Trainee: 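I'd like to ask some things about the structure below.
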Amino acid sequence: MKNLASFFLLLSLCCPQQSVAQQKYNSQITKQNMLYTDAEIDQLLLKLTDEEKVSLVIGRGMDNVGNVGVIDGRVPGAGGQTYDVKRLGIPDIILCDGPSGLRISPIRENTTKTFYATAFPSETVLGSTWSKDLAQHIGRALGTEAKEYGIDVLLAPGVNIHRNPLGGRNFEYFSEDPVLSGMMAMNLINAVQELGVGTSLKHYAANNAEHNRLFSNSLVSERALRELYLRPFEIAVKGSQPWTIMTSYNKLNNTYTSARRDLNYQLLREEWGFKGLVMTDWYSGFPNVEIIRAGNQSNDVSAQIRSGNDLIMPGSKIQLEAALEDVKSGKLSKKDLDFAVRNVLRLVSKSPSPLQYKYSDSPNLKAHANLSRAVAAEGTVMLKNSNTLPLVSNTRIATFGVGSYHLVVGGTGSSEVATSYNVPIYKGLQNAKFNLYKPLLEKYVPYVEEEERKDIERRAKLNVLAPLGVIAQLNITDDELSDAVKNTDVAIFTVGRNSAEEQDLNVDTEYNLTKEEESLLNRISSAYKKQNKKVIVVLNVGSVMNTSWSDKADAILVTWFSGAEGGNAFADIVSGKVNPSGKTTATFPKSYADVPSAKSFYASEASDYRDIRYTEGIYVGYRYYDSFNIETAYPFGFGLSFTKFNYTDLKLDKQDFKDNIKVSVKITNTGKVAGKEAVQLYVGAPKGTIDKPLKALVDFGKTKLLQPDESEIIELSIGAKEIASFYPDKSQWIADAGTYTILVGKSSQDIVLKSEFKIKNTLVVEKVKPAFTEKLDFSDLKK
Ligand code: BGC
């Protein structure tokens, strides 16, 4: 068989009119899921000219920024494509966003067929389910949709840490915690790739802000990098071998991430064993972006390739020429170029379209909508419920606020999905047969529809990254309000927030309620309270926000960006059809000023808005609030249910740690309705010679739907790296000798069961080569 395969390869080399794939397909050679063996790639490397090699490592797509190869129309709207080499029958592949569904053109020339995609809930929703199973389900659905639309690599998932609530792309990422982020990504990636479709783990690394993103310089200590910002990448790379990884736009300690060999080669390949392809984020570069903006073109594309970036996305003609020149002059060695070409060919080799997968252009959107709805409901977090939810079916509801009528399906930019529809909150409630107060519908619905129409028109004239417009709140008169109170039992007030690439949120009108929202909420709350009626506040937001107004609400539900089925999923929770089991993946602080990076999130003026100093070091999110005893509004891992769970029978498989301890805990539903529980396992490490957070998440699990009185044993695991700290002076991950506390709980602050284990002699978990050792002009926060 092997010889036959080589024969066909040779045949193709002399008969370029028929591609290798075509011949193999036609002759039904069944070399499993690979177009080329490594030996065949070696052969190709001997045949390829320098021009052809360079074209393979500089991709194309998105002609909106000029001078970049245009996609050939196989999957219109997809974000990128590689070049083929027709002479040798090397096919191209298609790369497409993104984390919440496909960004492709739904309407295409010369056909009445549509190509809509499922707008899945955003990654924060998926994270909030705390369900590794659901991450797999979403992965399978995303992968299937990609495969059925002819896409080879899905540009997702993102695992950047929610460093600060204002992060403009927090919604595209799972959490403030590296273990939760890494494990969710790992499960999702495995599910996509089992289908033979690739993923791109992004944005590598320390890309935690959007403002000034092409020029910003994240200044981070090696320890914070390794323990927090790189850790989810490491977990996902080791646990799922993503076919590709995408470097980020920003600089890291003064050098663009796309040009850092310690990042892209030393850590990724040598330490973590990455076998895939590294690509740049779109038009990012060292120092291309700055030079291009200044009106020149750079030829430093070869610096990226030398640093371990195998595919420059999407490249320009000038970059192609520059790289070629650099090969000729020796500035870019043949060895480095071949290394990148080999990785491109390996990727091409296993991708669906080169393997002639006959895609249908008809994924099962109905089934995926059902999954979306289930995940959106399961990722909804109930922050507060004083005898309000669930609502009985004949409840008369007044739906206030533009957000009840205009659903923020997801963020915009590369995350924006080609969905044909969405279900706003009020529609979902109507679908569930709730009785909605008509005068408000009559006031809001036409207004919001008209504003949405105008916004579509406005955005059509702008570039693809244009954020959604903000729809102004409508004024509700006192008479309208008092009529609503008289004629309804409950008020629902929905707050919506947009989020987009290139922009972070602002404190005054996005993290906080706007003045209009605040005043409307105050008036609704006092009017309903006077009549002993309830107010439910809904947060359709991408990130945690100020909730200092929480006493104005009897119940608070956070739906995050819940995808096209958002309104239906919301109604499932409100009606009690689904018992909420979502838990926060980032801490809600009491006030923005409490956020450890509050002052260091935006780059400072003094440094030309470029340098972002990660002065809080390892103390991000609950690691900070819990260690420094800062009161929070809602802690990490928090979420209420309509039932209660008992935690008992905490068991460890051993008391002395060698390389792992297995933990089990019995969870019993002691309430009156069925529900699921997200179980969290934290470990508190003993004092060493460096600071340690009070506790850190090491694993988590979720029960099945437990009926009242039903129990389930949840099995969890404590791995060595999860309990170790990185000692930069020794370049070692060390688990110090001493007693470790095991904390099993419902949230980071609601620890129900405790135990401990010991490490007799200090354990060097891993010794690494130093990296990111640039001298910083600050020291990390210490306790
Ligand atoms: C985003 C990436 C995305 C790429 C391609 C960039 O602007 O940062 O996340 O995959 O565009 O659309």
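Since the structure is predicted, the reported quantities are computational estimates derived from the model, not experimental observations. We count ligands from 1, going down the list as the structure has it; atoms in each ligand are counted the same way. Note that these values count all heavy atoms, side chains included, but never hydrogens, waters or copies made by symmetry.
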Trainee: In plain terms, say whether R74 and D92 are close enough for a salt bridge, that is, a side-chain N and a carboxylate O under 4.0 Å apart.
Mentor: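 Yes, this pair counts.
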Trainee: Measure the acute angle between the ring planes of Y204 and W272, then classify it against the limits of 30° and 60° as parallel, tilted or perpendicular.
Mentor: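 Aromatic pair Y204/W272 classed perpendicular.
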Trainee: Heavy atom of S414 under 4.0 Å from ligand 1?
Mentor: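 Contact present.
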Trainee: Quick one: do the E176 and T585 side chains pair a donor with an acceptor below 3.5 Å?
Mentor: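 The answer is no; no qualifying pair exists.
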Trainee: Taking the non-hydrogen atoms of Y249, is any one of them nearer than 4.0 angstrom to ligand 1?
Mentor: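 Contact present.
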Trainee: Decide if the gap between the ring center of F274 and the ring center of Y265 is smaller than 6.0 angstrom.
Mentor: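 No; Y265 has its ring centre 6.0 Å or more from that of F274.
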Trainee: Should the proximity of R213 to ligand 1, defined as any heavy atom under 4.0 Å, be assigned to the side chain, the backbone, both, or neither?
Mentor: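 Side chain only; the backbone of R213 stays clear of ligand 1.
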Trainee: Mind checking whether Y229 and Y614 have ring centres under 6.0 Å apart?
Mentor: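 Yes, ring centres under 6.0 Å apart.
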Trainee: Ligand 1 versus E502, non-hydrogen atoms closer than 4.0 Å: side chain, backbone, both, neither?
Mentor: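 Answer for E502: neither.
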Trainee: May I ask which of T280, L214, L155, D97 has a heavy atom nearer to atom 3 (C) of ligand 1 than the others do?
Mentor: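 Closest candidate by heavy-atom distance is D97.
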Trainee: Which atoms of ligand 1 are found less than 4.0 Å from any heavy atom of R103?
Mentor: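 By the 4.0 Å cutoff, the relevant atoms are 12 (O).
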Trainee: I want to know if ligand 1 touches H203 in the polar sense, i.e. an N/O pair below 3.5 angstrom.
Mentor: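 Yes, there is a polar N/O contact under 3.5 Å.
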Trainee: Number the atoms of ligand 1 from 1 as they appear, then name those within less than 4.0 Å of a heavy atom of E501, with their elements.
Mentor: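 That gives atoms 1 (C), 6 (C), 7 (O), 8 (O) of ligand 1.
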Trainee: Please determine if E774 and R260 form a salt bridge, counting it only when a charged side-chain N lies under 4.0 Å from a carboxylate O.
Mentor: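 So E774 pairs with R260 through a salt bridge.
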Trainee: R169 heavy atoms, cut-off 4.0 Å: which ligand 1 atoms fall inside?
Mentor: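 It comes down to these atoms of ligand 1: 1 (C), 2 (C), 8 (O), 9 (O).
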Trainee: Which atoms of ligand 1 have any heavy atom of K202 under 4.0 Å away?
Mentor: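 Within the 4.0 Å cut-off of K202, ligand 1 contributes 2 (C), 3 (C), 9 (O), 10 (O).
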Trainee: Ion pair present between K53 and D310, side-chain N to carboxylate O less than 4.0 angstrom?
Mentor: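 So K53 does not pair with D310 through a salt bridge.
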Trainee: So if I count the atoms of ligand 1 from 1 in the order they appear, which ones are less than 4.0 Å from some heavy atom of D281?
Mentor: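 Atoms satisfying the 4.0 Å criterion: 1 (C), 2 (C), 3 (C), 4 (C), 6 (C), 8 (O), 11 (O).
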Trainee: Backbone, side chain, both or neither: what part of M313 comes under 4.0 angstrom of ligand 1, heavy atoms only?
Mentor: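 No part of M313 is near ligand 1 at this cut-off.
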Trainee: Mind checking whether F561 and F171 have parallel, tilted or perpendicular rings, split at 30° and 60°?
Mentor: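 Because their plane-to-plane angle lies in the 30° to 60° range, the rings of F561 and F171 count as tilted.
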